[in-house]
Amino acid sequence: MQFLEKEIQQYTHLVCSILLDFEIHPLPGTFEQSSTDTISGSVQISGKWNGAIMLSLPSALVNTLTEKMFSLEPGKASVEDKKDAIGEMVNMIGGNIKALLPDPSTLSTPLLAFEGHSLQFPSTKVVTHCHFECQGKPFAISLFERVEKPFKERLKSK
Amino acid sequence: MQQFETEICQYTENIWKSILNLDVKKTVEEYCPPEEEDVLAGCVHISGEWEGVVALDCPHELAKKAASIMFQLSEDEVAPDLIQDALGELTNMTGGNLKSLLPEPCFLSLPAVTMTQQGFRIPGSELLTSVTFQCWGYKFKVSVLKKSEES
């Protein structure tokens, strides 16, 4: 079992069912990121525990979630709507996960990358990756934790 | 004069000089990357008494040159993760310096880096300051965004 895997699954399920009235199901394996079609959103936790939570979704699922969240007709979600929807989802999931981590720590505002390029977090490692299915489409939540190796030390080791 | 503009200029010039031995200068021309240009964007969040983001948008080519100097490798030897690492560290240093101007307590997040055309999208934040710099014929941009009051 990965770090906080059960809790991440539980919170993601809760957020999707309360916020969107969508059922989600865990999938085995790893989410395959498309170079052109994936949208990523993240929030970061800073303080006693340092890391980031990243939500990765195909753009078709982002459209579905945004239309559902804001009661929009198919094809009517603007980029602003999508930013708000994904930002809100990752913020809610991140806020719940933060509550399980040592205090004091703070949650950042959401950060989004829309152009198929994944967000990268240098000096971290993935500690948990949860793969899900929603409305017939895959998505994932990944938890990154800071690697405690000062930059100067890493510089010497290259 | 935008808020923190003097400090952004001072810190950016100092960081690029001390870490990379490169001279960077503020330019009045705004950094607007052409569509075909790959842009690498780094950002750090500041949270606590003051909430916002410090971002660094830079042409991929310039980030690669910076990484090659930082890690003392030829440009051919610089792997993508080292380019991200270098930009993340430059962003982290800029954010860390700016954090010292803000009310305590504030926490600096890990740097996040992405390849982009539009820069990061940060819902609930508004642009406070943006300064474009010139280095080696390339332009790059340092921006400070503040969390909106109503978000």
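Model, not experiment: these values are computed from the prediction. Chain A is the first sequence line, chain B the second, and so forth, proteins listed ahead of strands; every chain is numbered from 1.
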Which pairs with one or both residues in residues 18-30 of chain A pass side-chain hydrogen bond (donor to acceptor under 3.5 Å, both in side chains), sequence neighbours excluded?
A:His13-A:Glu23
If I compare all heavy atoms of [X] with all of [Y], which pair ends up nearest, and what's the gap?
| X | Y | result |
| --- | --- | --- |
| B:His45 | A:Thr109 | NE2-O, 2.9 Å |
| A:Phe121 | B:Ala112 | CE2-CB, 3.5 Å |
| B:Gly88 | A:Pro122 | CA-CG, 4.4 Å |
| A:Pro110 | B:Ile122 | O-CG2, 3.5 Å |

[atom1] ([X]) with more than 12 external heavy atoms under 6.0 Å:
| X | atom1 | result |
| --- | --- | --- |
| A:Lys125 | NZ | no |
| B:Lys146 | NZ | no |
| A:Glu73 | CD | no |

Kindly compute the distance separating CD (A:Gln120) from CG (B:Leu40), expressed to the nearest 0.5 Å.
9.0 Å
How many angstroms lie between atom CG of B:Leu110 and atom CZ of A:Arg146, to the nearest 0.5 angstrom?
4.5 Å
With a 4.5 Å heavy-atom cut-off (strictly below), which parts of residues 96-108 of chain A touch chain B? List them by number.
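Contacts with chain B: A:Thr106, A:Leu107, A:Ser108.
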[X] with [Y], same ILVMFWY side-chain cluster at under 4.5 Å:
| X | Y | result |
| --- | --- | --- |
| A:Ile141 | A:Leu27 | no |
| B:Val113 | B:Tyr138 | yes |
| A:Leu72 | A:Phe22 | yes |
| A:Leu143 | A:Ile24 | yes |
| B:Phe107 | A:Leu111 | no |

Structural part of B:Ile46 lying under 4.5 Å from a heavy atom of chain A
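Contact with chain A is absent: no heavy atom of B:Ile46 under 4.5 Å.
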Pick from B:Pro111, B:Gly42, B:Gly48, B:Gly52: which one has the most heavy-atom pairs with chain A under 4.5 Å?
B:Pro111
Side chain, backbone, both or neither of A:Ser42 within contact of chain B (heavy atoms, under 4.5 Å)
neither
